[in-house]
There are 2 protein chains.
Amino acid sequence: MSRSRDAVHEILRQSAAFRSAQDIFTEMRADGSKIGLTTIYRALQALNDDGRVDVLRTDDGEAVYRACATSAHHHHLVCRGCGLTVEVDGPDVEVWAERVGAEHGFTAITHTVEVFGTCGACAKG
Amino acid sequence: MSRSRDAVHEILRQSAAFRSAQDIFTEMRADGSKIGLTTIYRALQALNDDGRVDVLRTDDGEAVYRACATSAHHHHLVCRGCGLTVEVDGPDVEVWAERVGAEHGFTAITHTVEVFGTCGACAKG
DNA sequence: CAGAAAATGAAAATGATTGTCAAAACGGTT
DNA sequence: AACCGTTTTGACAATCATTTTCATTTTCTG
């Protein structure tokens with residue numbers, strides 16, 4: 001898995017937004033690629049396993065992917081309008097999650113945090 | 001929509017965990033109910049519209065529901081093992097989310113925060 | 001270049017969720 | 001209780017994202 005995986009990765013690198021598999025498929029086909037949807041799913045899965053892309057679920061359950069600049073733990077600030085995404089970190093939130101978990105006797109704490117909003121550009125147009 | 005909606009609501013009230021539609025369906029049928037899966041989906045949707053149940057997506061995209069004690073904004077601490085869920089709040093997180101959004105020129109900030117862990121009971125075995 | 005192993009794409013299978021529609025339950029009215 | 005219009009219900013079909021299957025193509029290695 002190399003040719004296609006790199007192509008998919010490249011598409012994601014060129015986008016600041018989270019993209020769905022279908023979305024990527026449509027763009028690549030429009031660009032003349034003969035890639036199949038199956039291959040895109042496989043590539044996204046592999047890239048995610050390698051920690052090279054982040055994945056999250058939209059409200060309607062669709063998986064969307066994004067190439068992250070860092071493989072370190074981070075969160076996302078996502079524009080509801082255009083999907084523009086900024087990577088952010090929140091040390092306070094990490095601490096809070098650990099504390100809340102511990103207070104209730106939970107161990108092996110993890111958490112998901114996503115912030116949504118309307119970006120400056122979308123607020124105008 | 002009343003008979004069935006109440007029955008579904010009651011099932012959720014009796015459970016501290018997030019439950020899937022299929023899951024609820026199986027339990028109700030086991031209890032002798034003749035309810036259909038379609039009706040359960042409709043009931044869950046209505047209950048969610050009324051703010052009487054919370055919904056979130058599992059990692060594999062399945063929607064799971066839970067009756068929440070409060071209709072006020074809150075977060076969840078969920079056990080990965082048994083699904084046991086505790087409602088928690090995090091004033092600091094709310095503030096952090098607003099600030100992070102504002103720093104990047106985003107408005108109309110919302111956020112999703114879920115904390116996962118292993119509860120005391122599941123940690124034993 | 002041969003031949004094995006990995007990758008690819010088309011099409012079928014899966015699984016959750018939603019739409020359709022006729023039958024059943026309900027409510028109010030005589 | 002019988003009547004009638006409205007709402008709710010459940011079986012089944014349809015949809016949509018994702019996964020699996022499998023034969024073909026490409027890549028790698030010797």
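Chain letters run A, B, ... following the sequence lines, proteins first and then strands; every chain starts at 1. The structure displayed is predicted, hence computed values, not measured ones.
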Asp59(A) atom CG is separated from dT17(C) atom P, nearest whole Å, by 14 Å

N/O (side chain, Gln22(B)) to phosphate O (OP1/OP2, dA16(C)) under 4.0 Å:
yes

Whole angstrom is fine here: how far is it from CE in Met28(A) over to C1' in dG9(C)?
13 Å

Could you check how far CZ of Arg5(B) sits from P of dC26(C), rounded to whole Å?
15 Å

Is there a donor-acceptor contact under 3.5 Å linking the side chains of Thr58(A) and Arg57(B)?
no

How long is the line joining CZ of Phe25(A) and P of dA11(C), in whole Å?
11 Å

No-hydrogen, no-angle side-chain donor-acceptor test under 3.5 Å, His111(A) and His73(A)
yes

Separation of dA16(C) atom C1' from Arg57(A) atom CZ, nearest Å, is 11 Å

Under 4.0 Å between a side-chain N/O of Tyr41(B) and OP1 or OP2 of dT17(C), yes or no?
yes

side-chain hydrogen bond (donor to acceptor under 3.5 Å, both in side chains) contacts touching residues 112-125 of chain B (sequence neighbours left out):
His76(B)-Glu114(B)

Between atom CG in Asp23(B) and atom P in dG15(C), what is the gap in whole Å?
16 Å

Output the rounded distance in Å from CD (Glu62(A)) to C1' (dG15(C)).
16 Å

Not counting sequence neighbours, which residues clear side-chain hydrogen bond (donor to acceptor under 3.5 Å, both in side chains) with Arg13(B)? List them please.
none

When rounded to whole Å, the CG to P distance for the pair Asp6(B) and dC26(C) reads 13 Å

Applying side-chain hydrogen bond (donor to acceptor under 3.5 Å, both in side chains), name anything that partners Arg66(B), two or more places apart in sequence or on another chain.
Glu87(B)

Among residues at least two apart in sequence or on other chains, which ones pass ring-ring contact (aromatic ring centres under 6.0 Å, His included) with His9(B)?
none

Scan residues 96-107 of chain B for pairs that pass salt bridge (Lys or Arg N to Asp or Glu O under 4.0 Å), counting only residues two or more places apart or in two chains.
Arg99(B)-Glu103(B)

So which protein nitrogen or oxygen atoms get under 3.5 Å of nucleotides 21-27 of chain D's nitrogens or oxygens?
{"from": "dT27(D)", "atom 1": "OP1", "to": "Arg3(A)", "atom 2": "NH1", "distance (Å)": "2.2"}
{"from": "dT27(D)", "atom 1": "OP1", "to": "Arg3(A)", "atom 2": "NH2", "distance (Å)": "2.8"}

Nearest to the side chain of Arg29(B) - dG9(C), dA11(D), dT17(C)?
dA11(D)

